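We use all heavy atoms of the structure for the numbers below, so side chains are in, but hydrogens, waters and symmetry mates are not. Quantities reported herein were computed from a predicted structural model and do not represent experimental measurements. In what follows, chains are A, B, ... by sequence order, proteins preceding strands, each numbered from 1.
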Amino acid sequence: MIDLKLIRDEPERVRTSQRSRGEDPSIVDRVLAADERRRAAELAFGTLRNEQKELGKQIGPLQGQLKKASDDERASIQSQLDGLMTTATELSDRVKAAEDERAAADADAAALVALLSNVVETAAPIGGEDDFVVLEHVGTPRDFAAEGITVRDHVELGEMLGAIDIERGAKVSGSRFYYLTGVGALLELALVNHAIALACGNGFTPVIPPALVKPAAMEGTGFLGQAAENVYRLEQDDMYLVGTAEVPLAAYHSDEILDAESLPRRYVGYSPCFRREAGSHGKDTRGIFRVHWFDKVEMFSYCNPEDATNEHQRLLGWERQFLDSLEVPYRVIDVATGDLGSSAARKFDIEAWVPSQERYREVTSTSNCTEFQARRLRVRMRDADGVRPLATLNGTLVAITRTIVTLLENHQQADGSVRVPVALRPYLGGRETLDPIG
RNA sequence: GGAGGCGUCGCCUAGCCCGGUCUAUGGCGCCCGCCUGCUAAGCGGGUUUGGGUCACAAGCCCAUCGAGGGUUCAAAUCCCUCCGCCUCCGCCA
């Protein structure tokens, strides 16, 4: 949710942001009109309600007097009371009408504001999906031909190693499901432990959050807007399966006021992620690159809005550090305005090299949601200036399946074995290679 | 799943039966001031959040007693629904 004050004070800034996202700028003006109506309704209701309360203050004591009154006083008090009651009854109807109008105007304005996406950071590249800016390349893709190796993709490698069982995944759960088995399962645990250790070493609090949440959490994080079709919903229980730990981590402090002294608060969550992948039929159908369920270690930070841009760089830094440790070539991109989620003001993706596809593919993503998400979830901070929304940011440390893809493929050897990057060895019992099974 | 109890302004708590001086009591904590060699004690004042008006000041007004409805001139208080917590039983990892 955008700050109404910002919309009132700098409507053109919001319109510009909407345009750069390829979204409707006219919503701004509809919000302004609705807000005006809301304020008028608020004022009308407040005035009437005050009158009603003042009247009530006269009725109460008068009724008390009536009970104690002598016979000759009684008639005059009774007639006074009757007069007040007549006014009060009539006023009551007007109060109710004003209250209804206020509620309607409120709901209207709120619904319109909810349509506005976060205001983009001015430094973000403008354009659509393909207009990202490559910030940096790290590492160089191996020349497999020069090494005399015919590249195997992760499906083939996974099968040889007994690490990934896609056929049985499909048998049991359908397309885009898989089993991680043997060293595949161990690899997930190793990656998770490695990631959590890195995060804890940098002051993050490890969290294992619920993967099933109520509508308010999903709504508040902004996943029920354009992204709604990709969310699994449990109709019978009115619950949602989260697509990322960002959801329960962001909602963790909802309706709370945090002491500014305690910021930034950094959490690292490990959770399953469920995605319907509606609208991606035929895309990445082979292997485990795009699946309906995977596990992920996600960083989440609550911080002072003034510090958000720097915090974003820090999150990106930890993502890079993690990928560096996996010894995989990657590039960092600055995602264009049209490709940001509705909550994000700026987003950096890291794309790792996938040898079988001979291109870079997204493995992590970090977003600065500024105060947008916090305002929806009512997470605020208290400092010397009082109470105000804080900023929230999120970033992937490791999305298991995609990381396994890039790990197996980049470190494969001629015989189908896979070299284990040094940093991961302690988490795999010292193993230096993963070897094909019998 | 069944039975019962409970949800009050940071924490604890009064109020609810019998609706109206509730502008929600008191304690703790916290903040400001006074007093005091220092500290403690004591004294006085302040201390939910959101919105409106307005100069994004002060003041004033409205809403907020788990959430949402209802009854009423008037609801923390009466009625209904939902949510959460606790205790016991059943089931279960």
Side-chain angles (χ1 to χ4, degrees), chain A residues 1-11 13 31-69 77-114 208 210-220 234 236-240 248 251-262 272 305 371 374-390:
Chain A
M1 199 192 330
I2 296 191
D3 187 6
L4 255 173
K5 210 171 286 165
L6 176 70
I7 303 173
R8 285 203 288 254
D9 296 348
E10 301 178 63
R13 217 180 116 196
V31 167
L32 286 172
D35 181 50
E36 212 159 299
R37 176 183 161 211
R38 186 194 119 254
R39 281 147 72 196
E42 191 72 50
L43 184 62
F45 170 72
T47 309
L48 283 171
R49 180 68 177 145
N50 181 240
E51 264 181 63
Q52 186 181 43
K53 286 172 82 168
E54 291 301 325
L55 209 54
K57 276 181 199 160
Q58 296 173 44
I59 293 174
L62 214 52
Q63 273 176 342
Q65 276 180 43
L66 187 65
K67 274 181 203 148
K68 289 182 222 149
I77 293 174
Q78 185 64 56
S79 82
Q80 240 186 94
L81 202 54
D82 288 347
L84 287 177
M85 284 298 236
T86 311
T87 328
T89 308
E90 181 262 347
L91 190 57
S92 175
D93 289 337
R94 288 165 62 206
V95 169
K96 280 197 182 90
E99 193 173 12
D100 289 347
E101 163 61 11
R102 187 192 60 160
D106 249 7
D108 224 56
L112 277 169
V113 176
I208 298 190
L212 220 49
V213 299
K214 297 196 280 186
M218 210 42 112
E219 179 83 61
L234 301 186
Q236 207 172 355
D237 302 283
D238 199 18
M239 301 274 285
Y240 292 89
Y252 186 62
H253 285 302
S254 56
D255 285 307
E256 293 182 24
I257 298 172
L258 307 178
D259 191 340
E261 297 289 307
S262 72
E371 296 106 302
R375 204 170 274 118
R376 285 181 160 208
L377 291 165
R378 295 167 309 278
V379 188
R380 290 153 295 172
M381 58 176 228
R382 192 195 311 273
D383 62 10
D385 298 334
V387 174
R388 61 191 163 112
L390 43 67

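The shortest distance between side-chain heavy atoms of A:Met85 and A:Ile59 falls below 4.5 Å.
Base-pair partner of B:C11: B:G27 (Watson-Crick or G-U wobble, both distances under 3.5 Å). With both pairing distances under 3.5 Å, B:A63 is matched to B:U49 as a Watson-Crick or G-U wobble pair. Pairing for B:C91 is absent, judged as Watson-Crick or G-U wobble with the two contacts each under 3.5 Å.
Counting all heavy atoms, side chain and backbone alike, A:Arg13 lies closest to A:Leu6 at NH1-CD1, 3.6 Å.
At whole-Å resolution of the value, NE2 in A:His253 and P in B:G10 are 17 Å apart. Atoms CD (A:Glu99) and P (B:G51) sit 19 Å apart, rounded to a whole Å. Straight-line distance from the CD atom of A:Glu54 to the P atom of B:U21: 12 Å, rounded to whole Å. Taking atom CG of residue A:Leu43 and atom C1' of nucleotide B:G52, one finds them 7 Å apart after rounding to whole Å.
The phosphate of B:C62 has OP1 or OP2 within less than 4.0 Å of a side-chain N or O from A:Asn50. OP1 or OP2 of B:G50 sits under 4.0 Å from a side-chain N or O of A:Arg380. Close to B:G51, at under 4.0 Å from its OP1 or OP2, lies no side-chain N or O of A:Arg39. Phosphate contact (OP1/OP2 of B:A74, side-chain N/O of A:Ser92, threshold under 4.0 Å): present. Put simply, A:Gln52 has a side-chain N or O that comes within less than 4.0 Å of OP1 or OP2 on B:A74.
Counting only heavy atoms from C-beta on, A:Arg102 has its side chain closest to B:C62 among B:G50, B:C62, B:G52. Closest to the side chain of A:Ile59, out of B:C62, B:C73, B:U49, is B:C73.
Contacts of A:Lys53 with the nucleic acid, taken as non-hydrogen atoms under 4.0 Å apart, involve only primed sugar atoms and P, OP1 or OP2. Residue contacts shown for A:Ile257 are limited to sugar-phosphate atoms, with no base heavy atom under 4.0 Å away. Within the 4.0 angstrom heavy-atom criterion, no nucleotide atom of any strand lies near A:Glu90. Contacts of A:Arg382 with the nucleic acid, taken as non-hydrogen atoms under 4.0 Å apart, involve only primed sugar atoms and P, OP1 or OP2. Residue A:Arg38 is classed as a sugar-phosphate contact, given heavy-atom separations below 4.0 Å to backbone atoms only.
Of the P atoms belonging to B:U64 and B:C12, the separation is 23 Å, rounded to the nearest Å. If you take atom P in B:G45 and the same atom in B:C28, they sit 15 Å apart, rounded to whole Å. Nucleotides B:C78 and B:C91 have their C1' atoms positioned 38 Å apart, rounded to a whole Å. Comparing the C1' positions of B:G51 and B:C56 gives a spacing of 14 Å, expressed to the nearest Å. On the P atoms, B:C16 is 15 Å away from B:U25, given to the nearest whole Å. Using P as the reference atom, B:C17 and B:A76 are 12 Å apart when rounded to the nearest Å.
With respect to the salt-bridge test (charged N to carboxylate O, under 4.0 angstrom), the residues A:Asp35 and A:Arg8 qualify. By the 4.0 Å N-to-carboxylate-O rule, A:Lys96 lies too far from A:Asp100 to be salt-bridged with it. Under a 4.0 Å N-O distance rule, the pair A:Glu371/A:Arg388 does not qualify as a salt bridge. The existence of a salt bridge linking A:Asp259 and A:Arg382 is excluded, since no basic side-chain nitrogen approaches an acidic carboxylate oxygen closer than 4.0 Å.
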